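Computed from a prediction, not measured in an experiment: that's the story for all the values here. One-based numbering, in listed order, for ligands and for the atoms of each.
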Amino acid sequence: MTLKEACDTGKQELAQAGIPDAALDAWYLLEYVTGITRTAYFAEPGMQIGDEQYKRYRSLIKKRAEHIPLQHLTGEQEFMGLSFRVNENVLIPRQDTEILVETALKFLTDGKIPAAGNGICLLDMCTGSGCILISVLYYLKKNGLSGSGERAEVLAQGTGADISEKALAVAEENAERHHIEARFVQGDLFENVEGRYSMILSNPPYIRTSEIDCLQDEVKMHDPICALDGKEDGLYFYRRIVKESRSYLEQGGMLIFEIGYDQAREVAELMIQAGFSDVRVRKDLAGLDRVVCGRYDNEWKG
Ligand code: GLN
């Protein structure tokens, strides 16, 4: 059996099972099992695949045909150019979420974020795999706080909070993998969070309960439901986080949310009602509303 034959049969099987990116997924699994690079494969597609490897490949293709996400088979997902460990206990990081990280980094490097204590303090509420917090801290460490590209001495501290112990174990592993020091706290939103933060980031569960059934099998059967379900109108966590975050933000600190494409107006309204100023919406690469952010000046509001 050649690599190409293996890959072609894999592709066919996935296509028959209705997997949208059948060819790509068949290739990724082949790459995962054999460790071959794309260049080496194209240079010599007639290379033989070992019996053991072929067996393993077949069993992964079978699982993928059952709509188990590719990322659960390989245990990895790339986000912000970094590889994150994932499993069934965390939401698989989405490319859409990168705009949240980019927005946060822009505010931080523009120097418009108040220091808290000894430096910048970040809180990632509903951290899941930790992908948001870890990539913000990673790029701050790499590029410094000054927008000029100078390597400023960065004193940024990060905390990730999540209700799921099992998710936090994954986040901790990811922090270690990228040599990032961060604290992780288990609890129902702010339940066990202490202190004040320069910036609170959050991609909370925001799907309306009634819409969960309409999601792809990969999502509704394999992402943790508690990471998706935003209750009846999808806004349950935004309401609570907007309200409660005010006691955890520094004077002039920022709250930055990822939102569903049709939630910008409602989430912005919640923030304005709660006394946030400078509330803005940002779009993702597909042109859909994806981020809402605002600043909280608690001092003059008493
Ligand atoms: N913060 C994580 C992410 O964006 C998890 C979000 C969640 O569980 N809703 O991927």
Are the side chain of Glu250 and the backbone of Ser198 linked by a donor-acceptor contact shorter than 3.5 Å?
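No, because the side chain of Glu250 does not come within donor-acceptor range (under 3.5 Å) of the backbone of Ser198.
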
Are there any protein N or O atoms under 3.5 Å from the N or O atoms of ligand 1? List them with distances, or say none.
| from | atom 1 | to | atom 2 | distance (Å) |
| --- | --- | --- | --- | --- |
| ligand 1 | 1 (N) | Cys126 | O | 3.0 |
| ligand 1 | 1 (N) | Thr127 | O | 3.3 |
| ligand 1 | 4 (O) | Asn203 | ND2 | 2.7 |
| ligand 1 | 9 (N) | Asn203 | O | 2.9 |
| ligand 1 | 9 (N) | Ala227 | O | 3.0 |

Compare every heavy atom of Ile99 with every heavy atom of Asp96, then report the nearest pair and how far apart it is.
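Where Asp96 meets Ile99 most closely, the heavy atoms are O-CG2, 3.2 Å.
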
Once side chain to side chain donor-acceptor pair (under 3.5 Å) is applied, do any residues pair with Arg94, and if so which ones, sequence neighbours excluded?
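Listed in chain order: Asp223.
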
Which side-chain N or O atoms in residues 200-207 pair as donor and acceptor under 3.5 Å with protein atoms at least two apart or in another chain?
| from | atom 1 | to | atom 2 | distance (Å) |
| --- | --- | --- | --- | --- |
| Ser202 | OG | Met125 | O | 2.9 |
| Tyr206 | OH | Glu258 | OE2 | 2.7 |
| Tyr206 | OH | Arg290 | NH1 | 3.2 |

Gln186 CD: over 12 foreign heavy atoms closer than 6.0 Å:
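Check passes, neighbour count above 12.
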
Restricting to ring-ring contact (aromatic ring centres under 6.0 Å, His included), what partner residues turn up for Tyr54, sequence neighbours left out?
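Partners of Tyr54 under the ring-ring contact (aromatic ring centres under 6.0 Å, His included) test: none.
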
